[in-house]
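The chain is numbered in sequence order, starting from 1. What you see is a predicted model, and the numbers here were worked out from it, not measured in a lab.
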Amino acid sequence: TLGNPYVASARDEIGDVAINYGVYGAPETFLVGPDLTILQKHLGPLTPAIWQAKFAPVIEAVRGAD
């Protein structure tokens, strides 16, 4: 109804990629950089406060480096 908020979504049917990323279980949120490195990871539900504290500063730093 509200659309897809994600730039991209991936499928890992076998689970190989999940193991490489260190996935523990849902929910988990990863911020992946332009070079495909993991810039930030959060285990558990993602709230607006967690987004602002953990993810927004990383995104702004990456944008500032461009």
What side-chain donor-acceptor pairs closer than 3.5 Å can you find for residues 28-37, not counting sequence neighbours?
residue	atom	partner	partner atom	Å
Glu28	OE1	Tyr24	N	2.8
Glu28	OE1	Gly25	N	3.1
Glu28	OE2	Tyr24	N	3.2
Asp35	OD1	Thr37	N	3.2
Asp35	OD1	Thr37	OG1	2.8

Can you give me every donor-acceptor pair (side chain of residues 49-58, partner residue at least two apart or in another chain, under 3.5 Å) with its distance?
residue	atom	partner	partner atom	Å
Lys54	NZ	Lys41	O	3.2
Lys54	NZ	His42	ND1	3.2

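Glu13 meets the salt bridge (Lys or Arg N to Asp or Glu O under 4.0 Å) test with Arg11; sequence neighbours excluded. Remark: Thr47 engages no residue in a side chain to side chain donor-acceptor pair (under 3.5 Å) (not counting sequence neighbours).
Residues Pro27 and Pro45 share a closest heavy-atom pair of CG-N, 3.6 Å.
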